[in-house]
Amino acid sequence: MRMYKYGRELDLLLLLTDNANHTVQDLADRLDVTRRTIYYYLEYFRDSGFEVVRSGNYYRLDRTSAFFKRLHENIALTTDEARYLHQLLGATEKNDYVAHNVRAKLERQFRLEDLSNPELQQRVDRNIRTLKQAMTEKKIVVLRGYSSPHSHTVADRYVEPFLLMNNGLDLRCHEIKTHTNKTYRLARMAEVEILDIEWLNEDKHKAVYTDLFMFSGEERMAVELRMGQLAHNLMLEEYPDSEACFTSADEGHWVFKTEVVSYLGITRFVLGLYEDIEVLGDEAFRRHMREQVERLSACQASQGG
């Protein structure tokens with residue numbers, strides 16, 4: 001009997017995410033249940049962490065709900081994971097057509113280059129050697145004939161290279177023209193030429209950083225929280241890598257310290273468990289959270305009025 005009920009709930013989940021407008025009566029008719037049962041299911045979804053959105057008489061589920069984010073993180077490949085699989089599949093037999101098709105799909109979806117091409121691999125290896133020399137000598141280089149899929153151009157790029165990333169697939173460097181740090185793909189460089197000019201912007205060299213919540217950037221912001229049992233357990237469940245960020249405070253409480261690139265991810269978590277979390281710092285984050293709470297309170301007051 002319970003399994004049948006779960007089937008109804010899953011059917012309702014699909015209906016509420018199909019980009020169509022559904023009233024309670026419409027949902028009841030589609031699932032062949034009573035309106036009371038639909039209201040029960042909606043309340044169950046809310047208790048389970050879904051954002052149930054009501055617009056007039058219509059209902060839907062917000063796709064930014066924590067459940068959908070966690071589902072995506074659990075089943076989706078990151079770019080680094082796709083590159084790793086792509087390299088492994090490159091070592092299979094040439095007549096392995098399944099491996100060939102999977103590699104082709106990875107190349108299309110993640111815009112990966114096929115480094116099993118001997119000429120391309122030789123060029124990449126040659127450019128890596130040149131870049132390593134340039135980084136050791138702290139010299140500016142020219143990335144000759146760099147092909148950009150974003151701007152659809154092929155041009156020379158004058159840069160200060162300072163970090164090879166992702167097993168030699170990417171180069172982190174400071175571009176002279178734009179005065180910004182960028183990441184370039186080794187396979188898209190026709191040639192690397194070292195200039196007899198030393199770095200001019202070493203103090204601006206910054207590696208890209210990805211925080212616990214999968215936001216990436218150069219600037220980091222400190223966050224410190226005091227969490228109760230519920231918040232502590234949910235953080236570990238949603239973000240297992242956060243374990244190193246915790247220290248025990250007292251019985252039933254932990255102090256959580258980390259650096260983030262954006263406040264978006266941590267703000268969603270704190271607001272969802274506000275009664276079980278105390279914001280300790282830093283001051284910029286404390287100010288940000290006060291503003292978020294004030295904004296939400298103002299929105300609720302206006303809706304209630």
Side-chain angles (χ1 to χ4, degrees), residues 17 45-53 60-82 163 165-166 172 180-183 205-303:
T17 54
F45 285 159
R46 289 192 184 95
D47 293 341
S48 299
F50 290 94
E51 295 291 333
V52 179
V53 180
R60 64 178 176 84
L61 290 182
D62 190 335
R63 296 197 179 195
T64 63
S65 298
F67 174 85
F68 295 120
K69 184 177 184 296
R70 289 171 57 195
L71 180 64
H72 174 77
E73 290 174 349
N74 288 337
I75 65 176
L77 288 176
T78 65
T79 301
D80 289 342
E81 290 169 340
L163 179 66
M165 304 164 54
N166 302 321
R172 189 71 175 166
T180 57
N181 295 319
K182 295 185 177 181
T183 302
H205 296 181
K206 293 183 180 180
V208 67
Y209 172 74
T210 301
D211 64 25
L212 279 172
F213 306 93
M214 303 311 295
F215 290 93
S216 297
E218 296 178 1
E219 301 299 329
R220 306 186 192 187
M221 299 173 287
V223 169
E224 183 175 356
L225 308 171
R226 176 184 169 89
M227 296 189 186
Q229 183 79 49
L230 177 61
H232 171 259
N233 290 347
L234 286 177
M235 175 63 80
L236 290 176
E237 181 181 337
E238 291 192 22
Y239 306 99
D241 291 340
S242 67
E243 184 174 4
C245 304
F246 282 103
T247 56
S248 180
D250 52 51
E251 186 175 355
H253 291 90
W254 290 262
V255 173
F256 172 83
K257 293 183 180 180
T258 190
E259 292 181 323
V260 298
V261 172
S262 168
Y263 285 147
L264 289 175
I266 188 65
T267 297
R268 178 194 67 81
F269 187 85
V270 173
L271 291 178
L273 296 160
Y274 200 69
E275 295 181 353
D276 200 43
I277 296 176
E278 178 186 357
V279 180
L280 301 179
D282 66 1
E283 183 54 38
F285 184 57
R286 287 170 60 87
R287 184 170 58 253
H288 168 80
M289 290 307 307
R290 286 196 296 268
E291 293 171 353
Q292 292 300 307
V293 172
E294 291 172 0
R295 183 181 62 83
L296 287 175
S297 297
C299 288
Q300 291 175 353
S302 62
Q303 291 174 358

Evaluate the side chain to side chain contact (heavy atoms under 4.5 Å, CB included) criterion for residues Tyr274 and Gln292: first the C-alpha distance (whole Å), next the side-chain angles of each, then the deciding distance (0.1 Å), finally the verdict. CA-CA 12 Å; Tyr274 200 69; Gln292 292 300 307; over 6 Å; no
Steps toward side chain to side chain contact (heavy atoms under 4.5 Å, CB included) verdict (Met165, Val208): CA-CA 10 Å; Met165 304 164 54; Val208 67; 3.6 Å; yes
For the residue pair Asn233 / Glu237, report whether a side-chain donor-acceptor contact shorter than 3.5 Å exists. no
One should read off an interatomic distance between Ile266 CD1 and Arg268 CZ, to the nearest 0.5 angstrom, of 9.0 Å
All ring-ring contact (aromatic ring centres under 6.0 Å, His included) counterparts of Tyr263, not counting sequence neighbours: Phe285, His288
Just list the side-chain donor-acceptor pairs under 3.5 Å for residues 240-251, sequence neighbours left out, or say none.
from, atom 1, to, atom 2, distance (Å)
Ser242, OG, Tyr239, O, 2.6
Asp250, OD1, His253, ND1, 3.0
Asp250, OD2, Arg226, NH2, 2.8

Spacing of CG belonging to Leu212 relative to OG1 belonging to Thr258, to within rounding of 0.5 Å: 4.5 Å
With side chain to side chain contact (heavy atoms under 4.5 Å, CB included) as the criterion, how do Leu225 and Val279 come out once you've worked through the C-alpha distance, each side chain's angles and the decisive distance to 0.1 Å? CA-CA 5 Å; Leu225 308 171; Val279 180; 4.0 Å; yes
Can you list every salt bridge (Lys or Arg N to Asp or Glu O under 4.0 Å) pair that touches residues 210-222, not counting sequence neighbours? Arg172-Glu218, Lys206-Glu219, Arg220-Glu259
My understanding is that only residues two or more places apart in sequence, or in another chain, count here; which of them pass side chain to side chain contact (heavy atoms under 4.5 Å, CB included) with Leu264? Phe215, Ser262
Listed partners of Ala207 passing side chain to side chain contact (heavy atoms under 4.5 Å, CB included), at least two apart: Leu163
Between CG of Asp276 and NE2 of His232, what distance do you get to the nearest 0.5 Å? 11.0 Å
Shortest non-hydrogen contact from Ile277 to Ala231? CG1-CB, 3.6 Å
Given side chain to side chain contact (heavy atoms under 4.5 Å, CB included), test Val53 with Leu61 step by step and report yes or no. CA-CA 6 Å; Val53 180; Leu61 290 182; over 6 Å; no
Taking only residues two or more places apart in sequence or in another chain, which ones pass salt bridge (charged side-chain N to carboxylate O under 4.0 Å, His left out) with Arg286? Glu283
